[in-house]
Amino acid sequence: MGHLDHAAFGWLTPALSYAMACIGAALGLRCTVRALGATGRSRRNWLITAASAIGTGIWTMHFVAMLGFAVSGTDIRYDVPLTVLSLLVAMVVVCAGVFAVGYGRDRTRALLVGGLTTGLGVASMHYLGMAAVRLHGEVTYDLTLVALSVLIAVVAATAALWAALNIRSPAAVTVASLVMGAAVSSMHYTGMLAVGVRVTPSGAALPGATAMQFIFPLAVGLGSYLFLTSAFVALSPPTGEREASASAQQSPDGATPRPRARTA
């Protein structure tokens with residue numbers, strides 16, 4: 001069995017991955033809150049933004065943490081198509097869960113369906129990402145810990161969606177995001193504790209890309225997307241403020257005032 005190191009760079013990758021999970025959760029919660037106060041196309045757009053933020057945050061958290069993953073006696077590479085597929089799965093399934101909550105008539109049922117869907121999507125993303133790992137040897141899993149990691153993912157997703165439905169103040173969203181980030185990180189490292197590797201020494205070249213060749217640039221790009229989207233959401237006025245501004249620009253009879261004609 002090869003020795004597994006889940007923090008080859010010390011606390012840097014766990015801390016940074018936790019921060020990315022928190023940012024994605026905070027942005028997703030804020031966008032969902034905005035969506036629930038909007039209608040029509042605006043609601044749909046806010047929900048899509050929420051899903052992309054949560055999915056991106058979770059995926060970035062996973063692969064930033066994987067930058068610190070090392071196994072003695074073998075190099076590690078990543079299958080690029082499978083890695084990209086794991087990102088798409090995270091986006092699509094989280095989107096399905098968020099839309100279930102955003103458009104569900106029965107909130108309890110929508111919360112349960114959305115939490116289960118999103119949690120299973122998070123777990124699928126994680127294990128698809130692990131399936132993309134290429135090394136000299138065989139990867140095995142402790143099924144009990146795998147089941148526990150899936151349970152944590154479902155509970156974390158349900159709690160996050162509940163927070164989106166019930167929490168409004170920025171301070172409460174911040175606390176919920178910190179808890180959500182801790183839950184996602186716990187799911188990841190529980191899943192990683194389930195991993196075992198039987199190393200088979202070999203001098204053959206491994207297929208795929210190294211973490212620094214592919215994972216790191218993509219994670220930086222997605223992290224930048226999160227920061228830019230966070231700035232957009234912070235600067236975008238809530239629906240109530242936009243409606244009040246629109247009303248203020250109208251005359252008492254509901255018509256937009258026209259500029260006065262100049263006199264000669």
Side-chain angles (χ1 to χ4, degrees), residues 1-21 23-24 52-94 120-143 145-146 149-150 152-153 181 184-226:
M1 296 290 285
H3 173 70
L4 276 63
D5 189 348
H6 298 291
F9 298 104
W11 284 101
L12 177 62
T13 49
L16 186 56
S17 63
Y18 171 68
M20 298 310 298
I23 292 170
S52 66
I54 296 172
T56 298
I58 292 171
W59 188 94
T60 306
M61 176 272 147
H62 171 82
F63 280 102
V64 167
M66 290 300 291
L67 292 174
F69 178 64
V71 181
S72 61
T74 179
D75 293 329
I76 295 177
R77 299 287 187 274
Y78 292 89
D79 181 281
V80 173
L82 268 181
T83 304
V84 173
L85 178 61
S86 70
L87 173 59
L88 295 178
V89 166
M91 295 286 194
V92 171
V93 182
V94 171
L120 292 177
V122 171
S124 298
M125 179 280 300
H126 174 88
Y127 288 105
L128 268 175
M130 290 305 299
V133 172
R134 298 290 179 262
L135 46 74
H136 293 301
E138 179 187 1
V139 178
T140 60
Y141 292 93
D142 182 322
L143 294 182
L145 287 175
V146 168
S149 70
V150 174
I152 292 173
V184 171
S185 296
S186 298
M187 178 269 162
H188 171 83
Y189 285 106
T190 300
M192 295 308 295
L193 287 176
V195 175
V197 178
R198 295 190 181 92
V199 175
T200 305
S202 173
L206 288 166
T210 66
M212 288 300 175
Q213 288 173 334
F214 176 66
I215 303 299
F216 180 71
L218 187 56
V220 169
L222 293 175
S224 300
Y225 163 77
L226 286 177

message = Are the side chains of I76 and R134 in contact, using a 4.5 Å heavy-atom criterion?
response = no
task = Could you tell me which non-hydrogen atom of A21 sits nearest to which non-hydrogen atom of G181, and how far apart they are?
result = CB-CA, 3.9 Å
request  = For S86 and T83, indicate whether the former's side chain and the latter's backbone hold a donor-acceptor pair under 3.5 Å.
outcome  = yes
ask   = Got a donor-acceptor contact below 3.5 angstrom from the H136 side chain to the A204 backbone?
value = yes
message = Using every non-hydrogen atom in the two residues, find where V150 and A123 come nearest and quote the distance to one decimal.
response = CG2-CB, 3.9 Å
key: Atom pair OG1 (T13) and CZ (F69), whose distance is rounded to the nearest 0.5 Å   = 12.0 Å
key: Where Y189 and A65 come nearest, the two heavy atoms and their spacing   = OH-CB, 3.5 Å
Sub-4.5 Å side-chain heavy-atom contact between F9 and L16 = no
request  = Could you tell me the separation between the NE2 atom of H6 and the CG atom of L193, rounded to the nearest 0.5 Å?
outcome  = 5.5 Å
note = Nearest heavy-atom contact between G57 and L226 is CA-CD1, 3.8 Å
ask   = Is a side-chain N or O of S72 found less than 3.5 angstrom from the main chain of H3, in a donor-acceptor match?
value = yes
task = Identify which one of T140, V71, V139 satisfies the side chain to side chain contact (heavy atoms under 4.5 Å, CB included) criterion when paired with V195.
result = V139
note = In this structure, OG of S17 is separated from CZ of F63 (nearest 0.5 Å) by 12.5 Å
inquiry  = Please give me the minimum heavy-atom distance between A90 and G55, naming the atom from each residue.
reply    = CB-O, 4.0 Å
query = Below 4.5 Å, heavy atoms only, C-beta onward: do I58 and M20 meet side chain to side chain?
reply = no
remark   = Rounding to 0.5 Å, atoms CG (L222) and OG1 (T60) come to a distance of 4.5 Å
List, one per line, each side-chain donor-acceptor pair under 3.5 Å for residues 124-132, sequence neighbours excluded.
residue, atom, partner, partner atom, Å
S124, OG, L120, O, 2.8
H126, ND1, H62, ND1, 3.1
Y127, OH, S149, OG, 2.7

ask   = Within a strict 4.5 Å, meaning less than it, do heavy atoms of the Y78 and Q213 side chains meet?
value = no
task = Determine whether E138 and V197 make a side-chain contact, defined as any pair of heavy atoms from C-beta on separated by less than 4.5 Å.
result = no
ask   = When rounded to the nearest 0.5 angstrom, what is the spacing between OG1 in T74 and CG in L135?
value = 5.0 Å
task = Verify side-chain contact (heavy atoms from CB on, under 4.5 Å) between W59 and L218, making sure each step is shown before the conclusion.
result = CA-CA 10 Å; W59 188 94; L218 187 56; 3.3 Å; yes
Where G121 and V89 come nearest, the two heavy atoms and their spacing = O-CG1, 4.2 Å
M192 CE to L145 CG distance, which is reported to the nearest 0.5 Å = 12.0 Å
